[in-house]
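Computed from a prediction, not measured in an experiment: that's the story for all the values here. We name chains A, B, ... by the order of the sequence lines, and we start the count at 1 in each one.
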2 protein chains.
Amino acid sequence: MIKEYMGHKCCQTNLTEENIKDILTDHGLNKTKVKIEILQIISRSKKPISVPEIHLELTDKCDVSTVFRSISQFKEKKIVSEVNLDEGFLRYELFSIKKNHHHHHILCRKCGDIKNLEECDLDVFEKALSKLGFTQMEHRLEFTGLCSKCSTKL
Amino acid sequence: MIKEYMGHKCCQTNLTEENIKDILTDHGLNKTKVKIEILQIISRSKKPISVPEIHLELTDKCDVSTVFRSISQFKEKKIVSEVNLDEGFLRYELFSIKKNHHHHHILCRKCGDIKNLEECDLDVFEKALSKLGFTQMEHRLEFTGLCSKCSTKL
DNA sequence: TTACATGCAAAGGATTTGCACGTCC
DNA sequence: GGACGTGCAAATCCTTTGCATGTAA
């Protein structure tokens, strides 16, 4: 139910540099030092990570704007997917993780820990979470789509 | 399933000025022109509304910071509740609406229309939405809470 | 009168953009 | 060489904050 990849909280995949180069080539992006490092950082991260956090790990090897631009490309190419946990900024994780299993997250409002939720049913979720000792749970479920008008105008 | 309050998309309550004054008094807030107007605007709005939008409707009758400060108090006092639809800013609706029925929203990514969802079950949701002609649906379900460690430390 | 509310200006933090220069293919 | 990537600086947008003044109770 709640996955902790081999001791890690979530999102861990540890791509090799080769994996990453292949991914970049496959998506028509240049294999630059910065892009490779960004993907390594995301892949090493134990939880979805924000752009400023990535930039911090890069210790000024590049400008923040470059990280934003790279992430933007990765998002377009579906190399990473965006995670919004209502923190006032966005986080990113490898899309491969999402592709393998549609999932959501649980964030501890106190310590900031983030875990993956492998299923997608509210009752099952809340029961499993309370069995694990989670309390004071809140959830947000929002849909987007094209309404009937916009769907037919396509 | 999807509620459209008497022709309105969602969130409509149309509080009278008296209602609003009572609410402010009940929560120990001063009955100032600005606070009253802000609540009127939210109450008239057909969908959850953002601070900059509220400020626009006030046509410079007050500073944006005042709107932010008022909203912040309303949030604390549970007069309004916050809606995050991944747009890069937050929206607000009257809490009374939420109190009456826990609900979520559906946003059309094209025209920006927002509707209320009255139930809280993913299958039911998606089926009902597709019956209504919605396509290309995506949803976000995120939990927050206190993890077992943080719960016991209370 | 006194705590609360507001205006104004400045600052913060995430994110975007324009432009010139540098690098991958 | 030409497309793509990056650095730097400036700008944008939402939001917060400090301080002096104004207003509700």
Side-chain angles (χ1 to χ4, degrees), chain A residues 17-18 20-42 48-77 79-92 112, chain B residues 17-18 20-42 48-77 79-92 112:
Chain A
E17 188 162 337
E18 283 319 302
I20 289 174
K21 285 182 178 166
D22 289 347
I23 291 174
L24 290 173
T25 307
D26 291 351
H27 291 88
L29 298 172
N30 285 358
K31 300 190 276 270
T32 66
K33 277 183 195 170
V34 176
K35 283 191 163 56
I36 293 170
E37 279 214 55
I38 292 176
L39 285 177
Q40 282 176 330
I41 290 171
I42 297 177
I49 187 171
S50 71
V51 169
E53 283 167 346
I54 294 170
H55 181 239
L56 209 67
E57 280 205 41
L58 283 167
T59 46
D60 287 326
K61 275 178 211 151
C62 80
D63 193 78
V64 208
S65 65
T66 303
V67 184
F68 274 108
R69 276 190 274 232
S70 299
I71 287 286
S72 170
Q73 292 177 311
F74 295 161
K75 219 180 1 171
E76 259 176 46
K77 306 283 188 182
I79 296 172
V80 303
S81 87
E82 206 171 68
V83 178
N84 185 336
L85 293 172
D86 238 341
E87 300 165 289
F89 55 85
L90 301 169
R91 294 175 177 275
Y92 300 90
Chain B
E17 187 161 336
E18 283 319 302
I20 290 173
K21 284 182 179 168
D22 288 347
I23 290 173
L24 290 173
T25 306
D26 291 351
H27 291 88
L29 298 173
N30 285 359
K31 300 191 276 269
T32 66
K33 280 183 194 170
V34 176
K35 282 191 165 58
I36 293 170
E37 279 214 56
I38 292 176
L39 285 178
Q40 282 177 329
I41 290 170
I42 298 177
I49 187 170
S50 71
V51 169
E53 284 167 345
I54 294 170
H55 181 238
L56 210 66
E57 282 204 41
L58 283 167
T59 47
D60 286 326
K61 275 178 211 151
C62 82
D63 194 78
V64 208
S65 66
T66 303
V67 185
F68 274 108
R69 274 190 275 232
S70 299
I71 287 288
S72 169
Q73 290 177 313
F74 296 161
K75 218 180 3 170
E76 258 177 48
K77 306 285 189 181
I79 297 172
V80 302
S81 87
E82 208 171 66
V83 178
N84 185 337
L85 293 173
D86 238 342
E87 301 165 288
F89 55 84
L90 301 169
R91 294 175 176 276
Y92 300 90

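- Applying the 4.0 Å criterion to OP1 and OP2 of D/dG5, one finds that A/Q73 has a side-chain N or O inside that range.
- The separation between B/F89 atom CZ and D/dT12 atom P is 19 Å, rounded to whole Å.
- Between B/L85 and B/R91 there is a side-chain heavy-atom pair separated by less than 4.5 Å.
- The heavy-atom pair separating A/V67 from A/I38 by the smallest distance is CA-CD1, 3.9 Å.
- Distance, B/E87 CD to D/dC14 P: 11 Å, rounded to whole Å.
- Each of B/S72 and B/N30 was matched to the nucleotide of DNA chain D holding its nearest heavy atom; the match closer to the 5' end belongs to B/S72.
- The interatomic distance linking B/K21 (NZ) with D/dA25 (C1') rounds to 14 Å, in whole Å.
- For D/dT6, the OP1/OP2 oxygens have a side-chain nitrogen or oxygen of A/S70 closer than 4.0 Å.
- Between B/H55 and B/F68 the shortest side-chain heavy-atom distance does not fall below 4.5 Å.
- Nucleic acid contact for B/K33: none, since no nucleic acid atom lies under 4.0 Å from a heavy atom of the residue.
- Put simply, CD on B/E82 is 8 Å from P on D/dT15, counting in whole angstrom units.
- Between the CG atom of B/D86 and the P atom of D/dC14 there is a distance of 15 Å, rounded to whole Å.
- A residue-by-residue look at A/P52 and A/R69 shows that A/P52 has its nearest nucleotide of DNA chain C further toward the 5' end.
- In this structure the side chain of B/K33 never reaches within 4.5 angstrom of the side chain of B/K61, judged on heavy atoms.
- The side chain of B/T66 lies closest to C/dT6, out of C/dT6, D/dT17, D/dT15.
- Distances from the side chain of B/V34 to the nucleotides D/dT15, C/dT15, C/dT6 place C/dT6 closest.
- For the 3.5 Å distance criterion, the side chains of B/S65 and B/D63 qualify, holding a donor opposite an acceptor.
- Note: CG (B/D63) to P (C/dA9) measures 9 Å, nearest angstrom.
- Note on A/T32: a side-chain N or O is less than 4.0 Å away from OP1 or OP2 of D/dT6.
- In this model, the phosphate group of D/dT6 is approached by a side-chain N or O of A/K35 to a distance below 4.0 Å at OP1 or OP2.
- What separates CD of A/E76 from C1' of C/dT16 is a distance of 14 Å, to the nearest Å.
- Between the CZ atom of B/F68 and the P atom of C/dA10 there is a distance of 19 Å, given to the nearest Å.
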